[in-house]
Amino acid sequence: QVQLQESGPGLVKPSQTLSLTCTVSGGSITTNYYYWSWIRQPPGKGLEWMGAIAYSGSTYYSPSLKSRTSISRDTSKNQFTLQLSSVTPEDTAVYYCVRANTLVVVTTSQGSWGQGTQVTVSS
């Protein structure tokens with residue numbers, strides 16, 4: 001029943017900050033005890049968990065991306081947002097938002113997924 005929808009620019013220039021929003025319907029982002037994650041998949045590569053914001057508002061990040069990643073939420077809009085700074089072409093990927101009852105999501109069988117949105121980093 002819960003639905004997630006990613007939105008944001010499909011093309012970002014190198015060095016800029018990528019901002020994506022996940023709009024959630026059919027469930028509240030504050031409901032115990034879910035985690036709301038951002039996951040990406042570069043072309044030809046596997047899934048990469050980037051980070052999550054918990055039902056409580058606590059945030060968690062992949063160590064490899066922590067320095068560039070910020071996840072926040074707007075409970076009044078039932079949305080959560082990904083910001084990835086200083087992007088390079090290696091950040092080109094399909095980006096997904098996910099609801100799961102575990103913090104780290106590593107397979108598509110876990111949780112409820114948005115349809116994904118393609119983001120290309122190019123000058």
Side-chain angles (χ1 to χ4, degrees):
Q1 185 174 357
V2 65
Q3 297 185 55
L4 295 82
Q5 176 69 59
E6 303 91 345
S7 62
L11 181 64
V12 183
K13 295 184 182 299
S15 82
Q16 292 186 337
T17 295
L18 166 65
S19 294
L20 296 174
T21 297
C22 183
T23 300
V24 178
S25 61
S28 172
I29 61 174
T30 63
T31 295
N32 299 354
Y33 296 98
Y34 288 112
Y35 300 86
W36 305 84
S37 290
W38 287 100
I39 297 164
R40 68 181 183 179
Q41 186 169 34
K45 300 180 180 179
L47 298 170
E48 180 182 22
W49 180 81
M50 303 179 69
I53 187 163
Y55 58 93
S56 62
S58 298
T59 53
Y60 309 87
Y61 301 101
S62 170
S64 64
L65 295 169
K66 182 177 178 62
S67 65
R68 298 195 291 133
T69 306
S70 179
I71 298 172
S72 59
R73 69 181 184 177
D74 185 338
T75 58
S76 69
K77 297 179 180 179
N78 212 34
Q79 295 176 329
F80 63 105
T81 300
L82 170 72
Q83 293 187 305
L84 182 66
S85 66
S86 303
V87 299
T88 73
E90 287 67 47
D91 294 310
T92 294
V94 177
Y95 286 75
Y96 301 91
C97 55
V98 180
R99 186 193 75 174
N101 56 15
T102 58
L103 173 60
V104 179
V105 177
V106 295
T107 71
T108 58
S109 64
Q110 296 176 267
S112 299
W113 291 60
Q115 84 287 352
T117 186
Q118 172 71 47
V119 178
T120 299
V121 179
S122 176
S123 60

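- For the residue pair Gln41 / Glu48, no side-chain donor-acceptor distance below 3.5 Å is found, with atom types taken as modelled.
- With contacts defined as side-chain heavy-atom distances shorter than 4.5 Å, the pair Tyr61/Ser70 qualifies.
- For the residue pair Thr107 and Ser109, a side-chain donor N or O sits within less than 3.5 Å of a side-chain acceptor on the partner.
- By the 6.0 Å contact criterion, CD on Gln118 is enclosed, its count of non-hydrogen atoms from other residues, nucleotides or ligands being greater than 12.
- Taken together through direct or relayed side-chain contacts under 4.5 Å among Ile, Leu, Val, Met, Phe, Trp and Tyr, Tyr33 and Val98 form part of one hydrophobic cluster.
- Contact of the Ser37 side chain with the Trp49 side chain is registered, since non-hydrogen atoms from C-beta on lie closer than 4.5 Å.
- A 4.5 Å side-chain heavy-atom check between Thr75 and Ile29 finds at least one atom pair inside the cut-off.
- Counting all heavy atoms, side chain and backbone alike, Ala93 lies closest to Arg40 at CB-CB, 4.0 Å.
- Counting heavy atoms from C-beta on, the side chains of Val24 and Gln3 never come closer than 4.5 Å.
- For the atom pair Met50 CE and Thr69 OG1, the distance stands at 4.5 Å (nearest 0.5 Å).
- Under 3.5 Å, the side chains of Trp113 and Thr108 contain no donor-acceptor pair of N or O atoms.
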- [ ] Might you work through the side chain to side chain contact (heavy atoms under 4.5 Å, CB included) test for Leu18 and Val119, ending with a clear yes or no?
- [x] CA-CA 9 Å; Leu18 166 65; Val119 178; 3.7 Å; yes
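- Using a 4.5 Å heavy-atom cutoff, the side chains of Leu47 and Val106 are not in contact.
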Task: From CA spacing to verdict: side chain to side chain contact (heavy atoms under 4.5 Å, CB included), Tyr55, Thr30 - done: CA-CA 4 Å; Tyr55 58 93; Thr30 63; 5.6 Å; no
Task: Pair Trp38-Phe80, ring pair (Phe, Tyr, Trp, His ring centres under 6.0 Å): steps then yes or no - done: CA-CA 10 Å; Trp38 287 100; Phe80 63 105; 5.5 Å; yes
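- Remark: Tyr34 OH is loosely packed, at most 12 non-hydrogen atoms of other residues, nucleotides or ligands lying under 6.0 Å away.
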TODO: Would you sort out whether Ser122 and Thr120 count as a side chain to side chain donor-acceptor pair (under 3.5 Å), showing the intermediate values?
DONE: CA-CA 6 Å; Ser122 176; Thr120 299; over 6 Å; no
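- For the pair Asn101 (side chain) and Gly111 (backbone), a donor-acceptor distance under 3.5 Å is absent.
- A side-chain donor-acceptor contact under 3.5 Å links Thr23 and Gln79.
- Distance alone, capped at 3.5 Å, places no donor-acceptor pair between the Arg68 side chain and the Gln83 backbone.
- Listed for the Thr92 side chain is a donor-acceptor partner under 3.5 Å among the backbone atoms of Val121.
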TODO: For side chain to side chain contact (heavy atoms under 4.5 Å, CB included), just list the numbers for Thr102 and Tyr35, CA-CA rounded to whole Å, side-chain angles, deciding distance to a tenth of an Å, and then say yes or no.
DONE: CA-CA 6 Å; Thr102 58; Tyr35 300 86; 5.6 Å; no
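- Considering only heavy atoms from C-beta on, Leu82 stays 4.5 Å or farther from Ser19 through its side chain.
- Distance CG/Leu65 to OG/Ser85: 10.0 Å, rounded to 0.5 Å.
- At least one side-chain heavy atom of Thr117 sits under 4.5 Å from a side-chain heavy atom of Leu20.
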Open item on the list: Pair Tyr95, Ile39 - check side chain to side chain contact (heavy atoms under 4.5 Å, CB included), show working.
Closed with: CA-CA 6 Å; Tyr95 286 75; Ile39 297 164; over 6 Å; no
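- Atom-to-atom distance recorded for Arg73:CZ and Asn78:CG is 9.5 Å, nearest 0.5 angstrom.
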All N/O donor-acceptor pairs, side-chain side in residues 8-16, below 3.5 Å, sequence neighbours left out:
| unit_1 | atom_1 | unit_2 | atom_2 | d |
| --- | --- | --- | --- | --- |
| Gln16 | OE1 | Lys13 | N | 3.2 |

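- Contact of the Tyr60 side chain with the Leu103 side chain is registered, since non-hydrogen atoms from C-beta on lie closer than 4.5 Å.
- Ile71 and Val105 are assigned to two separate hydrophobic clusters, defined by single-linkage of ILVMFWY side chains at heavy-atom distances under 4.5 Å.
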